[in-house]
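Here the structure is laid out as structure tokens; the discussion comes afterwards.
Indexing begins at 1, ligand by ligand and atom by atom, following the structure's order. When a residue number appears, it is its place in the shown sequence, counting from 1.
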Amino acid sequence: MTNPSSLVTREATVPCRVNLIGEWIDFNGGTVLPMALAPSATVQITANGTALDGIKSTNFAVSQNFAIDAPAEDHWSDYVRGALQYARSRNWIESGQDVSVESTIPVGAGLSSSAAIIVATLKAASSGLADVDGEALAFAAKEIENNFIGVPCGIMDQMAVALGEPGTVLALDTRDCSYALLDLPEAWSVVVIHSGVRRALSDGRYRVRRDQCLEAAATLGVDYLCEASLLSIDALDAPLLNRARHAVSEAARSRDAIAALRTGDRSKFGRLMNESHDSLREDMAVSTPEIDQLVCDAVSLGADGARITGAGFGGCIVALVEPERVETWWNALKLRHPSIERII
Ligand code: GLA
């Protein structure tokens, strides 16, 4: 059914996310714990009746035209165009669209700016359609990221930005996408800090590790790597052994972290974050020396826990801090690392 309001300008705003714990396990059948954050992407679309999509970002101010069926070309507008092509294939919209994108989400920071732009475009294109809910948008966005953009990511980011309200934690079981929305206890402050090191997922390092995880699962004879037991993974050699040890231990940490969140046990949650970082550094090999130092200083200056967040290779860290200490802690950390930036 074509969207009844297809001739007017439609707009949607979608938040970004930080992952508190449960890293690199959303395609391994683990439970993940992302939280939506206030920085957001807003997309406006207006049908233009032509066979071209005209796309501009208020961040760059230039508008570029693309044939409505043109393939991805490793440009930021791919996220919008993939979503428009999907929306046209579902008859949510007709013809080309004039699109304006405005985003306050740092790019290459591990905060899912791409998922936010895709979901915001899909949400604008499907506005007015009663049968398209947040989950449907998330599944569509993952399909676009996997097949149009070419990044074989899991479902965490899309679900987090499509379902999350800023400040609410999504406990998402990635085997069946069942979830619960949980409140962050009042005595917890989550601080997200950009290291200043920017990265892209399209450079192959994400795919290599994901393939290693899938190969480890196949070798062990399990559907999902997180289902393997710690004993059974000894049959693997490096690097599959390392990837498996991370996935199995991170799935257990994530389960423990949900229990700690529910009981308000901040120091336990913080310890689990620290262990998660160690495992991401040693077994997933997705951290960097600068980020290791930042995480180490964040903890030694008084955070309950800190870790790299998102796929890694740079980007942001997330820290858990007692609310009363946040400002002093942040000032001390900034003094040691002058180029870091606080996102929240
Ligand atoms: C990226 C991917 C997600 C997930 C994380 C790592 O953000 O898009 O699907 O795999 O990395 O946890």
Within the 4.5 Å heavy-atom criterion, are R342 and I340 side-chain neighbours or not?
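A side-chain contact under 4.5 Å is absent here.
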Under a 4.5 Å cut-off applied to non-hydrogen side-chain atoms, are D53 and V99 in contact?
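No, too far: nothing below the 4.5 Å cut-off.
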Can you establish whether the number of heavy atoms outside E186 located under 6.0 Å from its atom CD is more than 12?
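No, the 6.0 Å shell around CD holds no more than 12 heavy atoms from other groups.
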What do you reckon, is CD of E165 surrounded by more than 12 foreign heavy atoms closer than 6.0 Å?
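12 or below, so no.
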N/O separation below 3.5 Å, G154 to ligand 1:
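Indeed, backbone or side chain, G154 has an N or O that close.
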Any nitrogen or oxygen of E23, side chain or backbone, less than 3.5 Å from one on ligand 1?
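Yes, E23 has an N/O under 3.5 Å of an N/O on ligand 1.
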Using a 4.0 Å cutoff against the non-hydrogen atoms of [X], which atoms of ligand 1 qualify?
{"X": "C153", "value": "2 (C), 8 (O), 9 (O)"}
{"X": "D157", "value": "1 (C), 2 (C), 3 (C), 7 (O), 8 (O)"}
{"X": "M156", "value": "4 (C), 5 (C), 12 (O)"}
{"X": "W24", "value": "6 (C), 12 (O)"}
{"X": "Y206", "value": "1 (C), 2 (C), 3 (C), 4 (C), 9 (O), 10 (O), 11 (O)"}

Residues E11 and T42: side-chain donor-acceptor under 3.5 angstrom
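Checked: E11/T42 side chains show no N/O donor-acceptor pair below 3.5 Å.
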Would you call the rings of F66 and H75 parallel, tilted or perpendicular, taking 30° and 60° as the class edges?
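The arrangement is tilted - the two ring planes meet at 30° to 60°.
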Between NE2 of H246 and CZ of R243, what distance do you get to the nearest 0.5 Å?
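It comes to 10.0 Å.
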Just heavy atoms, cut-off under 4.0 Å: does R209 contact ligand 1 by side chain, backbone, both, or neither?
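It is neither; nothing of R209 touches ligand 1.
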Should R17 be listed as contacting ligand 1, given a heavy-atom distance under 4.0 Å as the test?
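For ligand 1, residue contact (heavy atoms, under 4.0 Å) with R17 is present.
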